Amino acid sequence: MINLDLSEQEIIRRNSLEEIKKLGIDPYPAKEFKVNVTSSEIKENYDVAKNNYQKVSIAGRIMSRRIMGSASFAELQDDKGRIQIYLKRDDICPDEDKTLYNTVFKKLLDIGDIIGLEGFVFITKVGELSIHVQKLTILSKTIRPLPIVKEKNGEIYDGFNDPEQRYRQRYVDLIVNPAVKKTFVQRTKLMNSIREYLNSREYLEVETPILQPIYGGAAARPFKTHHNSLNTDLYLRIANELYLKRLIVGGFDGVYEFSKDFRNEGMDRFHNPEFTQMELYVAYKDYNWMMNTVEEMVEKIAIDLHGTTEVKVGENIINFKRPWKRFTMFEVIEHFTGIDISEMDEKQLLETAEKLKVPFDETMGKGKLIDEIFGETCEAKLIQPTFITDYPIEMSPLAKKHRSKDGLVERFEAICNSKELCNAYSELNDPIDQRNRFEQQLLLGKRGDEEAMILDEDFLRAIEFGMPPTSGLGIGIDRLAMIMTNSNSIQDVLFFPQMRPEKKDIKDSVDKFLELGIPQEWVSVVQKVGFLTVKDLKGINSNKLHQQLCGMNKKHKLGLKNPLIDEVKTWVE
RNA sequence: GAUUCAGUAGCUCAGCUGGUAGAGCACAUCCCUUUUAAGGAUGGGGUCCUGGGUUCGAAACCCAGCUGGAUCACCA
């Protein structure tokens, strides 16, 4: 029976699948298929003079076909790229029986099917590197048609571009858009580059809880969940800072973690509810040392990924070569506005904000005002990597007071392409001061600041045992990946960015329709014309339904016996 | 959350001032022994996102909703 939910092409492919089985071929074989080469290896190393690659075994997906009678060309795509294959009927079917070529390859296989090949590499008359196929094995039959993207001289035809489909069906995106795959390979290289750098300095990669009874380490709203057997609420971590510092207390001198963090906030091209940070804590260091480390590490990443410190991002070329520019927050504001705010009190800052047309409200304290002025007047202008140092204390409850400047903390951010790339401090290790700072946060929380930090007694207990002077860093991996891969949106550097769940139509089971007296063969037709549940049928116009059903029967040549109007009437009562 | 744009065949997209739904690729059938996004001929394929409204008549106009994009606000 025809399934009305499938497109014509899907039905044809399902039929082909059955035909393949009827020929005694398993379309989903269990046996290992031994691959001894990839498309890119052949492209790089094949040499006509050497006559190498004369016994290759390769597997991948059919991406295009050009059938020319008893010979055919097709493109095979494996993990590393595409290569042309050449099939000749009498080579893959040396005996009398030509079914494998005439029927299986020409009729029953489709674009998207996964096959294994054995053969030899040669160059066609037209000069295209190809594999002459001697043996063909079906490894997996596809029953959905793939979008066909064509490309010539770098120009894309019929591209698969719709962002919604690309993100929801990333597997399709990866198959048909090779640049997407490259971006994700680069992302992994980036993380490996960081690992290499940190491991070579013998810092320990660790794992800390994602489910936390008290969230902390950043200013953000969390996701809340519940543990049943403990009967307690838990939060998905917004940062792992407080746990890594506990490990420093415990005696590790350098620890880091690639940490998936979760923040229950808005989404846009720079924000996904879950994102990755790399946090690093090193004992006996300060934020000056950390600045040098960040420079060195990010410069290495650029070189590992691009072979140079220069990276093209949008319209700009960003150069990660050391040393980067350094400004204190007061200096950079003066640099871009000509106004020195370093000695101003709250009233003067309010006036300055007004003068610079920086939006503000009465609840903002001194620190928040300075931060706002910086954000409005400077951030957009900082394209090349730049360190901004020495932040107001109010904004940084986990950072150590500045060694010489009152009201400031030893903190820096690196700004690049107008966005924060990382955030680091000389960590606060004075337990009394830390308790006071938490208490100030509690006051903010009571005033309605949803992002204020909450007091973590266990963390305080830990540093009361003594934490060495430590420098800590948090670096946004997604943001860094966007820059390093020239991606315009965070969704382009996450395999599966968060999307609203796809809505599925709720259908009643066939049984429920049978209970109404609807014959089995008509149930899917009734659903196809729009009545997915038996409730939908209640009290509708039976004449109209009857006409719709008979119409479908005729249109789709279902070959069913039309029901009588009176029968239909009983279904809708 | 606000503003704005979009949703038509498996994919990419046309569709004028409201008058029977179109193209290319893909698919099917036939022909063809080396093609380079594209060999030739023929053919099938549609809940025009959903639901209301206006109208003799809606893919198009109006209203509401769904989904996505862009910009803005919060956040990294």
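Side chains are part of it too, since the values below use all heavy atoms of this structure and drop only hydrogens, waters and symmetry mates. Labels below follow one simple rule: chain letters A, B, ... track the order of the sequence lines, proteins then strands, and each chain is numbered from 1. Keep in mind the model is a prediction, meaning the values are calculated, not measured.
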Where the side chain of [X] is defined as all heavy atoms beyond and including C-beta, which of [options] is the nearest nucleotide?
X: A:F275; options: B:A76, B:C25, B:U36; answer: B:A76
X: A:P145; options: B:G10, B:U36, B:C74; answer: B:G10
X: A:E265; options: B:G68, B:U35, B:C74; answer: B:C74
X: A:E420; options: B:U35, B:A73, B:A76; answer: B:A76
X: A:I12; options: B:G68, B:C27, B:A38; answer: B:C27
X: A:V126; options: B:C25, B:A76, B:U35; answer: B:U35
X: A:R479; options: B:U36, B:C74, B:A76; answer: B:A76
X: A:N161; options: B:C30, B:C13, B:U33; answer: B:C13
X: A:K150; options: B:U67, B:C74, B:C25; answer: B:C25
X: A:Q9; options: B:U35, B:G10, B:A73; answer: B:G10

For [X] and [N], is the shortest distance between a side-chain N/O and OP1 or OP2 below 4.0 Å?
X: A:K107; N: B:A28; answer: no
X: A:K106; N: B:C27; answer: no
X: A:R269; N: B:A70; answer: no
X: A:Q165; N: B:C11; answer: yes
X: A:R500; N: B:C66; answer: no
X: A:Q491; N: B:G69; answer: yes

Gap in Å between the two [atom1] atoms, one belonging to [N] and one to [M], rounded:
N: B:C13; M: B:G51; atom1: C1'; result: 27 Å
N: B:A23; M: B:G45; atom1: P; result: 13 Å
N: B:C61; M: B:G19; atom1: C1'; result: 15 Å
N: B:G57; M: B:U71; atom1: P; result: 43 Å
N: B:A14; M: B:G53; atom1: C1'; result: 28 Å
N: B:C49; M: B:G15; atom1: P; result: 14 Å
N: B:A38; M: B:A60; atom1: P; result: 38 Å
N: B:A59; M: B:C48; atom1: C1'; result: 5 Å

Going by purine N1 to pyrimidine N3 plus the second Watson-Crick contact, or the G-U wobble pair, all under 3.5 Å, which nucleotide sits opposite [N]?
N: B:U33; answer: none
N: B:A60; answer: none
N: B:A70; answer: B:U3
N: B:C25; answer: B:G10
N: B:G46; answer: none

Salt bridge (Lys or Arg N to Asp or Glu O under 4.0 Å) against A:K260, all qualifying residues, sequence neighbours excluded: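 Counting only residues at least two positions away or on another chain, A:K260 forms a salt bridge (Lys or Arg N to Asp or Glu O under 4.0 Å) with A:E274.
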Find the distance [X]:[atom1] to [N]:[atom2] and express it as a whole number of Å.
X: A:I175; N: B:G10; atom1: CD1; atom2: C1'; answer: 14 Å
X: A:E241; N: B:A76; atom1: CD; atom2: P; answer: 13 Å
X: A:I148; N: B:U36; atom1: CD1; atom2: P; answer: 18 Å
X: A:K419; N: B:C74; atom1: NZ; atom2: C1'; answer: 11 Å
X: A:M68; N: B:C32; atom1: CE; atom2: P; answer: 12 Å
X: A:E164; N: B:C49; atom1: CD; atom2: C1'; answer: 10 Å
X: A:I62; N: B:C27; atom1: CD1; atom2: C1'; answer: 15 Å
X: A:E151; N: B:A26; atom1: CD; atom2: P; answer: 16 Å

To the nearest 0.5 Å, what is the distance between CD1 (A:I12) and CG (A:L17)?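 Result: 14.0 Å between the selected atoms.
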Between OG on residue A:S64 and CG on residue A:L146, distance to nearest 0.5 Å: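 It is 11.5 Å, given to the nearest 0.5 Å.
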Any salt bridge linking [X] with [Y]? Criterion: basic side-chain nitrogen under 4.0 Å from a carboxylate oxygen.
X: A:R170; Y: A:D173; value: yes
X: A:R166; Y: A:D492; value: yes
X: A:K22; Y: A:E19; value: yes

Which is true for [X] with a 4.0 Å heavy-atom rule: it touches a base, it touches only sugar-phosphate, or it touches nothing?
X: A:E8; answer: base
X: A:N264; answer: nothing
X: A:G476; answer: nothing
X: A:E274; answer: nothing
X: A:D162; answer: sugar-phosphate

Which sits closer to the 5' end of RNA chain B, A:G159 or A:I67, going by the nucleotide each is nearest to?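 Nearest nucleotide further toward 5': that of A:G159.
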Which residue, A:I111 or A:R89, contacts RNA chain B at a nucleotide closer to its 5' end, judged by nearest heavy atom?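 The answer here is A:I111.
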Would you say whether A:F270 stacks on B:A76? The test is a distance between ring centres of less than 5.5 Å and an angle between planes of less than 30°.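 According to the criterion (under 5.5 Å, under 30°), no, A:F270 does not stack.
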Check whether any side-chain heavy atom of [X] sits under 4.5 Å from a side-chain heavy atom of [Y], and report yes or no.
X: A:F495; Y: A:L174; answer: yes
X: A:R82; Y: A:S39; answer: no
X: A:F262; Y: A:I210; answer: yes

Does NZ or CZ of A:R479 fall inside the cone over A:F275's six-membered ring, less than 6.0 Å from its centre and within 45° of the axis?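 No - A:R479 does not lie over the ring of A:F275 by the 6.0 Å and 45° rule.
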Could one point to a donor on the side chain of [X] or the base of [N] with an acceptor on the other under 3.5 Å away?
X: A:E75; N: B:U36; answer: no
X: A:T124; N: B:U36; answer: yes
X: A:S72; N: B:U34; answer: no

